[in-house]
Amino acid sequence: MSVSLIMTNFSAGELSPRLGGRVDLAKYSNGLSVLENMYTHPHGGASRRTGFRFIREVIGRDLMPKDSLKSGTDWTVGTGWIVADGSATCDGTQKGVSVLSLKIGLIAGRTYEFGFEISSYTGGSVQIISADAGVSESASASGEFVSRLEAGDSGLIAIRCDADFKGTIDSVYVREIAPKARLIPFEFSTEQAYVLEFTDRNIRIYKDGGIVVGADGEPVEVPTPYTENDLAKIRFTQSADVMYLVNPEIQPYKLSRTSHVDWTVELVPFSSPPSEWNSTKGFPSCVTFFEERLCFAASPANPQTIWMSKSGSYEDFGVSSPVVDDDACTYTLSADQVNAIRWMVSSKKLIMGTSGGEWWLAGGGSSDSVTPNSVIVRRETTHGSASIPPVVVGSIMVFLQREGKTIRELSYSFEADGYVAPDLTILAEHMTRSNTITEWAYQQSPDSIIWMIRNDGVLLGLTYQREQEVVGFHRHVTEGQFRSACVIPGISQEELWCVVTRKINGVTRSYVERMEDQFNGDDSVGAFFVDSGLSYNQEAFDTVFSGLEHLEGMKVSILADGAVRPDTVVKNGCITLASPAKVVHAGLQYTSNLKTLRIEGGAMNGGTAQGSMKRISHVTVRLFQSLGLQVGYDKDNLERAPFRTSADKVGGPPSLFNGDYEVKFNRGYDRDGQIYIRQDQPLPLSVLALIPQVSVYS
């Protein structure tokens, strides 16, 4: 005899394999064994994540020294070359091959983009040599030339001409390809939110889905003191259009914005800065605002010390004589072991995470403000914190434990009359068992998800809504590795931006990409489910679509006018369709997988179904705005569900499906009884419930 079971929601997300026998847990019935490139909604269902839209390639700052072509002072100048007045001219007097070179510190094994312009050309050819390694193709005409080459050991850029070359070279630049990068949000208001791309000694700015450019049409760049090795340790806090930046090895700086294109980075002009801050003892590594004070903490020589500015005067650390309440104040944590402060968060109290526990700081009374003579500090928990600042969700702080693997929520408990920090990863410890979290960002709308970058390049998601008891993990992979992430407000929802490294034609490249807004359409025409993708929306039908140079040589997945087209290889930055279309989405394919846990239920003797032979004869999948899924009992035995009906327009895409779709399982008995769902086409998928028909043989 068979019975119908129902899996009503998947809010527990992907559970650890170690819970395979814990059918007694309430979360077991809402959990999954695999949830990949899909996420859970707080209200229960699981949807395929939307794709990542390509924004721009990450390219480092120009490494050529300013005014390097003013004179030949720093160059090694071969015969025939003259370096003066911003140009390098070859007059044709060289007897053979002649080289003009400059040491700019190219790093062996890294790839660089070299660009230059030739004018007044009369004959011969010229090449770029990258640190005695990569050699460009010969240039033998006036115009602009760009090459990408791997560097060798010498650190030199060399311009090599043959005996016949005669012409002038200028506008020489050298930029690293795929440099280390970190994204930081800059939120002036909900209408003016920016993504800052930090690379080696440089910032680029993104807004409204694109990069900010100046009057010359080139991306706006802001020089900074931070090298690529400093990026991970940068901490920041913001007030209106000023962001304060700290790093334990560098003096505090501030980034100021006066318009979309006018940005400056300068040393903070402190008044009476603390004497402990210097190049010998180091500088603070944490910063935040609290009670109208700018608070710094944890320099290398003083890891337990907090410095608070004067009230209402953020850059003044002066103290009056006698001391008054709004003076700057300094406090050092007292503990039985070193408790280096890792982060600070402003709430009703100043919450601090240290290497040995979690603390708070407040004024001397329940309603008193902090003053130099009125400070109370207490330790609440002893888990210890990693250096990554926590995510604040409502009144709860989600923080990373010291080893970088365990995620905890710090909240006030009336029963304990204090703060508690339960473990959020205990049911999904496999997500970080062999890896650590390097960055994270919180996307409040539409589904309250904490996005986490794992050190192996996997993007983890945690759907988190404590008031509904929703804590569900999911993992996301792409043809590449996620390296940085941030979230800024968008028009209809908050936006997730990422830096993704991808291997394109054998070369590692780094892209800034933005996750598309959650799908909510009436048809599949606007569905964007490709990675590193672009969209085309043209008035006239066409078969050739260009602009895909960033995916040159890669096979891309295509959705044209809502219908799936065969995969196509990008050639010369273009794709060619067999038949014309207007609205096209093209990018890298990714696969979404959902697999249930072992089914519990259906035993006729009233006991457990675990360990018994069972058979699923068919399963009903309750879908919402979906097309094109596959269903089966394992990943190798899947049936593609057809959705086209006689009501659909000939030549057009089928309508999005809402309702129950039944799939028969052609399989005998086994002991697991699991259901596998896959979507590998660039189409939407939302699973609301699964209703299997199960027979258990006792």
- Query: Taking atom types as modelled and ignoring hydrogens, do the side chains of S4 and Q693 form a donor-acceptor contact shorter than 3.5 angstrom?
  - Reply: yes
- Tell me, with the steps shown, if L588 and S557 meet side-chain contact (heavy atoms from CB on, under 4.5 Å). CA-CA 6 Å; L588 300 174; S557 188; over 6 Å; no
- Message: Less than 4.0 angstrom from a charged side-chain N to a carboxylate O is my criterion; do R640 and D680 meet it?
- Response: yes
- Yes or no on side-chain contact (heavy atoms from CB on, under 4.5 Å) for T381 and V420, after CA distance, side-chain angles and deciding distance? CA-CA 7 Å; T381 62; V420 294; 5.7 Å; no
- Measure from the ring center of F186 to the ring center of Y206 and say whether it is less than 6.0 Å. no
- Task: Fit a plane to each ring of F399 and W343, take the angle between them on a 0 to 90° scale, and name the class: parallel (under 30°), tilted (30 to 60°) or perpendicular (over 60°).
- Result: tilted
- Query: Can the ring centroids of F665 and H618 be said to lie less than 6.0 angstrom from one another?
  - Reply: no
- Message: Side chains of D517 and S492: any donor to acceptor distance under 3.5 Å?
- Response: yes
- Task: Decide whether R483 and Q481 meet the rule of one side-chain donor and one side-chain acceptor closer than 3.5 Å.
- Result: yes
- Of S592, S626, S686, which meets side chain to side chain donor-acceptor pair (under 3.5 Å) against R48? S592
- Item | Under the salt bridge (charged side-chain N to carboxylate O under 4.0 Å, His left out) test, residues paired with D456 that sit two or more places apart | R454
- Compute whether any side-chain donor of one residue and acceptor of the other, for T40 and T463, lie under 3.5 angstrom apart. yes
- Could you tell me whether R502 and E513 have a side-chain N and a carboxylate O separated by less than 4.0 Å? yes
- Message: Would you say the ring centers of F643 and Y661 fall short of 6.0 Å from each other?
- Response: yes
- Query: So which of K180, R182, E439 actually passes side chain to side chain donor-acceptor pair (under 3.5 Å) with S484?
  - Reply: E439
- Query: Is atom CD1 of I6 surrounded by more than 12 heavy atoms (other residues, nucleotides or ligands) closer than 6.0 Å?
  - Reply: yes
- Query: Any ion pair linking D531 and R49 (charged N to carboxylate O, less than 4.0 Å)?
  - Reply: yes
- Item | Straight-line distance of H41 NE2 to Q468 CD, nearest 0.5 Å | 15.0 Å
- Are the side chain of E494 and the backbone of P489 linked by a donor-acceptor contact shorter than 3.5 Å? no
- Can a salt bridge be assigned to the pair E14 and R475 using a cut-off of 4.0 Å between side-chain N and carboxylate O? yes
- With a 3.5 Å cut-off and no angle check, do the side chains of W360 and E380 form a donor-acceptor pair? yes
- Message: Could you check whether any side-chain N or O of N9 sits under 3.5 Å from a backbone N or O of S11, counting only pairs where one atom can act as donor and the other as acceptor?
- Response: yes
- Query: E187 and Q238: side-chain donor and acceptor closer than 3.5 Å?
  - Reply: no
- Query: For residues Q679 and T591, is any side-chain donor paired with an opposing acceptor at under 3.5 Å?
  - Reply: no
- Query: Looking only at atom types and distance, does a side-chain atom of E516 sit under 3.5 Å from a main-chain N or O of Q518, one as donor and one as acceptor?
  - Reply: no
- Over 12 non-hydrogen atoms of neighbours within 6.0 angstrom of CD in Q610: yes
- Task: Taking T50 for its side chain and F528 for its backbone only, find out whether a donor-acceptor pair lies under 3.5 Å.
- Result: no
- Item | Derivation and outcome, side-chain contact (heavy atoms from CB on, under 4.5 Å), residues R235 and S285 | CA-CA 7 Å; R235 299 292 176 260; S285 59; 5.8 Å; no
- Message: Just checking K635: does its NZ atom have more than 12 heavy atoms from other residues, nucleotides or ligands closer to it than 6.0 angstrom?
- Response: no
- Message: When you measure from the side chain of S448 to the backbone of Y464, do you find a donor-acceptor pair of N or O atoms at a distance under 3.5 Å?
- Response: yes
- By salt bridge (charged side-chain N to carboxylate O under 4.0 Å, His left out), which residues pair with K664, not counting sequence neighbours? E662
- Message: For the residue pair T596 / Q674, report whether a side-chain donor-acceptor contact shorter than 3.5 Å exists.
- Response: no
- Should M38 and H474 be marked as a side-chain contact (heavy atoms from CB on, under 4.5 Å) after you check the CA-CA gap, both sets of side-chain angles, and the distance that decides it? CA-CA 7 Å; M38 298 185 71; H474 30 96; over 6 Å; no
- Message: Quick one: does any side-chain atom of N658 pair with a main-chain N or O of Q625 as donor and acceptor, under 3.5 Å?
- Response: yes
- Message: Parallel, tilted or perpendicular, judged at 30° and 60°: which one describes the rings of F54 and Y511?
- Response: perpendicular
- Is the backbone N or O of S612 less than 3.5 Å from a side-chain atom of K614, with the two atoms forming a donor-acceptor pair by type? yes
- Message: Side chains of E403 and Q401 only: does a donor on one sit below 3.5 Å from an acceptor on the other?
- Response: yes
